[in-house]
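Notes for the one structure printed next.
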There are 2 protein chains.
Amino acid sequence: MINKDLDKLLLALREQGCRLSGGREILLSVLAAAKGPLSAAEILISPAVKRANINRATVYRALSFLEKENIIESLRLDGDERLYHLNFHHHHHLLCTACKKIEAVHVCGLLGREEKKIAADTGFKVQRHVLEFYGLCKNCAAKKK
Amino acid sequence: MINKDLDKLLLALREQGCRLSGGREILLSVLAAAKGPLSAAEILISPAVKRANINRATVYRALSFLEKENIIESLRLDGDERLYHLNFHHHHHLLCTACKKIEAVHVCGLLGREEKKIAADTGFKVQRHVLEFYGLCKNCAAKKK
DNA sequence: TTAATTGCAAAAGTTTTGCACTGGC
DNA sequence: GCCAGTGCAAAACTTTTGCAATTAA
C-alpha cells in the first residue's frame with residue numbers, strides 16, 4: 001500500500017516533466033515509510049538519507065521543490081520546524097501534547113460547506129485549509145486520570 | 001472597543017497575580033491595535049516598541065509568558081515566523097495568498113461536534129484546534145478574473 | 001526588600017544561498 | 001551536451017539563554 005501510493009506520486013512527478021533524481025526518490029521513500037509527518041531534521045538522520053549521504057541543502061531544496069509540485073505538503077505546528085508528508089490523501093492531524101504522537105484524521109466534508117459559506121459571506125475564495133487538533137491521545141488521557 | 005478588550009486582559013493578568021511591567025503593557029497595546037496577528041519582527045519594529053527601546057529578548061520572553069498565561073495566542077502559518085494575537089475571542093483566519101491580508105472569521109460550532117466525534121471514534125481528547133483558510137480575498141479574487 | 005523582569009551579547013537551531021561540480025535525460 | 005540537481009561552506013533569520021543590572025510590588 002505504501003509502495004502503491006509512492007509509485008503513483010513518482011509517476012505524477014514524471015508526468016509533470018520533473019526529473020526524478022536519486023535524492024528525491026530516497027526522500028520520498030522516507031516520507032512514504034513514515035508513520036506521521038517528518039521534520040527536515042528527522043529526514044536528515046533517517047538511515048536511507050544518511051546512507052546515501054544526502055546533503056542538508058539538498059534535502060531542503062528537494063522538499064520545497066516537491067511541495068511546489070504538490071507531491072508533498074508541509075505543516076507548521078507548535079514546534080519550531082516545518083513538518084512534511086506525502087500529499088496523497090488530504091487529511092488532518094491529532095497531536096498529543098503529552099507524548100507528541102501524531103495521528104491522522106479525516107474530517108473534511110464539513111469544511112467544504114463552511115468554505116462555501118465563507119465565500120458567500122465575505123467574498124473570500126478559499127483554496128485550501130489547515131486544521132490540526134491538539135490534545136491527549138487515548139493512552140495519555142488514560143494515564144492522566 | 002479595543003481598549004475595553006485590552007483592559008479586560010490587563011485585569012485578568014493582575015488577577016492571575018502577574019506583574020504588569022511597562023514592556024508587557026506596551027506589547028499588549030501593540031497587539032490590541034493590530035488588525036491581524038503580528039510576528040515578533042513586526043512587533044519589534046512597531047513605533048511603540050521602538051520608542052520604548054524594548055529589547056528583542058524581552059519581546060520574546062514577554063510573548064511566551066503571555067501565551068502561557070492565556071492572554072495571547074500564537075499561530076504558525078506558512079511563513080517562517082510565529083504570529084501572535086490577543087486571545088480575546090477564539091477565532092480563525094482567512095489568509096490571502098496574493099496580498100497577504102489576514103481577516104478574522106468565526107466558525108466554531110461545527111468543530112465542537114467534530115471533536116466529540118473524534119473522542120468517540122479514537123479516544124483522543126481534543127483540547128484545542130488550529131484552523132486557517134488560505135485563498136484569495138475579495139479584492140484579489142476580483143483582480144484575477 | 002526581593003523576586004520577577006530586562007538589556008546585552010552571544011549562542012542555538014532552522015532554513016537559504018553562491019558557486020563549482022555532477023548527473024539525469 | 002545541456003540544464004537541473006547536488007555538495008560544501010557560509011550566511012541569514014528566528015528564537016533562546018546566561019548573567020548582571022533594574023524594577024514592580
Side-chain angles (χ1 to χ4, degrees), chain A residues 10-31 37-46 48-69 71-85 100, chain B residues 10-31 37-46 48-69 71-85 100:
Chain A
L10 295 180
L11 196 65
L13 253 188
R14 289 183 164 285
E15 276 171 2
Q16 284 170 50
C18 300
R19 280 198 200 170
L20 184 47
S21 62
R24 284 180 191 164
E25 191 166 352
I26 291 174
L27 204 149
L28 286 171
S29 73
V30 169
L31 289 176
L38 298 179
S39 65
E42 288 168 322
I43 292 169
L44 279 162
I45 60 171
S46 71
V49 168
K50 286 197 95 166
R51 214 179 310 122
N53 260 308
I54 301 175
N55 191 269
R56 197 158 19 103
T58 302
V59 167
Y60 280 106
R61 280 190 280 229
L63 288 170
S64 71
F65 172 84
L66 293 168
E67 184 174 11
K68 186 166 49 83
E69 299 295 330
I71 303 295
I72 66 176
E73 211 175 356
S74 85
L75 291 174
R76 280 290 205 170
L77 303 177
D78 276 4
D80 285 325
E81 347 93 321
R82 218 182 283 261
L83 304 179
Y84 299 86
H85 61 82
K100 310 298 173 194
Chain B
L10 295 178
L11 196 64
L13 254 187
R14 290 183 162 286
E15 276 172 0
Q16 284 169 47
C18 300
R19 282 200 197 169
L20 185 46
S21 61
R24 285 179 192 165
E25 191 166 351
I26 291 175
L27 203 148
L28 286 171
S29 75
V30 169
L31 288 176
L38 298 179
S39 65
E42 287 169 323
I43 292 169
L44 279 162
I45 60 169
S46 72
V49 168
K50 287 199 92 164
R51 214 181 308 120
N53 260 310
I54 301 174
N55 191 271
R56 199 158 17 104
T58 302
V59 167
Y60 280 105
R61 280 190 281 230
L63 288 170
S64 71
F65 172 84
L66 293 168
E67 184 172 12
K68 185 166 48 86
E69 299 295 330
I71 303 294
I72 65 176
E73 210 175 358
S74 83
L75 290 176
R76 280 290 206 171
L77 302 178
D78 276 3
D80 286 324
E81 347 93 323
R82 217 181 283 263
L83 303 180
Y84 300 86
H85 60 83
K100 310 299 174 195

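Order of the sequence lines sets the chain letters (A, B, ...), proteins ahead of strands, with each chain counted from 1.
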**Item:** Overall bend - the helix from C/dT1-D/dA25 to C/dC25-D/dG1, comparing terminal axes fitted on five pairs, nearest 10 degrees
**Value:**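 That helix has its two terminal axes inclined by roughly 40°.
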Considering residues at least two apart in sequence or located in another chain, which fulfil the side-chain hydrogen bond (donor to acceptor under 3.5 Å, both in side chains) criterion with [X]?
X: A/E25; answer: none
X: B/S46; answer: none
X: A/S21; answer: none
X: B/S39; answer: B/E42

**Item:** Counterpart residues, side-chain contact (heavy atoms from CB on, under 4.5 Å), relative to B/E15 (two or more places apart)
**Value:**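 B/L11.
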**Item:** Residues forming a side-chain contact (heavy atoms from CB on, under 4.5 Å) with B/R56, sequence neighbours excluded
**Value:**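 Expected list: B/L44, B/Y60.
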Provide, to the nearest angstrom, the distance between the [atom1] atom belonging to [X] and the [atom2] atom belonging to [N].
X: A/D80; N: C/dG13; atom1: CG; atom2: P; value: 10 Å
X: B/Y60; N: C/dA10; atom1: OH; atom2: C1'; value: 16 Å
X: A/L63; N: C/dT14; atom1: CG; atom2: P; value: 14 Å
X: B/R56; N: C/dA11; atom1: CZ; atom2: P; value: 14 Å
X: B/L44; N: C/dT6; atom1: CG; atom2: P; value: 13 Å
X: B/I54; N: C/dG7; atom1: CD1; atom2: P; value: 7 Å
X: A/E42; N: C/dT14; atom1: CD; atom2: C1'; value: 14 Å

**Message:** Once salt bridge (Lys or Arg N to Asp or Glu O under 4.0 Å) is applied, do any residues pair with B/D80, and if so which ones, sequence neighbours excluded?
**Reply:**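 B/D80 satisfies salt bridge (Lys or Arg N to Asp or Glu O under 4.0 Å) with A/R76, A/R82 only.
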**Request:** Check every nucleotide of DNA chain D for an atom under 4.0 Å from a heavy-atom of chain B, then give the first and the last such nucleotide from 5' to 3'.
**Result:**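 Contact span on the strand: D/dT14 to D/dA25.
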**Request:** For side chain to side chain contact (heavy atoms under 4.5 Å, CB included), just list the numbers for B/V30 and B/Y84, CA-CA rounded to whole Å, side-chain angles, deciding distance to a tenth of an Å, and then say yes or no.
**Result:** CA-CA 11 Å; B/V30 169; B/Y84 300 86; over 6 Å; no
**Asked** What is the per-nucleotide protein-contact pattern of nucleotides 18-25 of chain C, from the 5' end, where B denotes a base atom under 4.0 Å from a protein heavy atom, S denotes such proximity for sugar-phosphate atoms only, and - denotes neither?
**Response** B----BBS
**Asked** Starting at the 5' end of DNA chain D and moving along, which residue's nearest nucleotide shows up first, B/A40 or A/V59?
**Response**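 Mapping each residue to its closest nucleotide by heavy atoms, the 5'-most match is A/V59.
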**Steps toward side chain to side chain contact (heavy atoms under 4.5 Å, CB included) verdict (A/H85, A/L75)** = CA-CA 8 Å; A/H85 61 82; A/L75 291 174; 4.2 Å; yes
**Asked** How far does CG of B/L31 sit from CG of B/L63, to the nearest 0.5 angstrom?
**Response**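 It is 6.5 Å, given to the nearest 0.5 Å.
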**Request:** Quick one: pull up CD1 in B/I43 and CG in B/L38 and give me the separation to the nearest 0.5 Å.
**Result:**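 The distance works out to 5.5 Å.
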**Prompt:** Can you check whether B/N55 has a side-chain N or O nearer than 4.0 Å to OP1 or OP2 of C/dT6?
**Reply:**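 It does not, given that no N or O in the side chain of B/N55 lies less than 4.0 Å from OP1 or OP2 of C/dT6.
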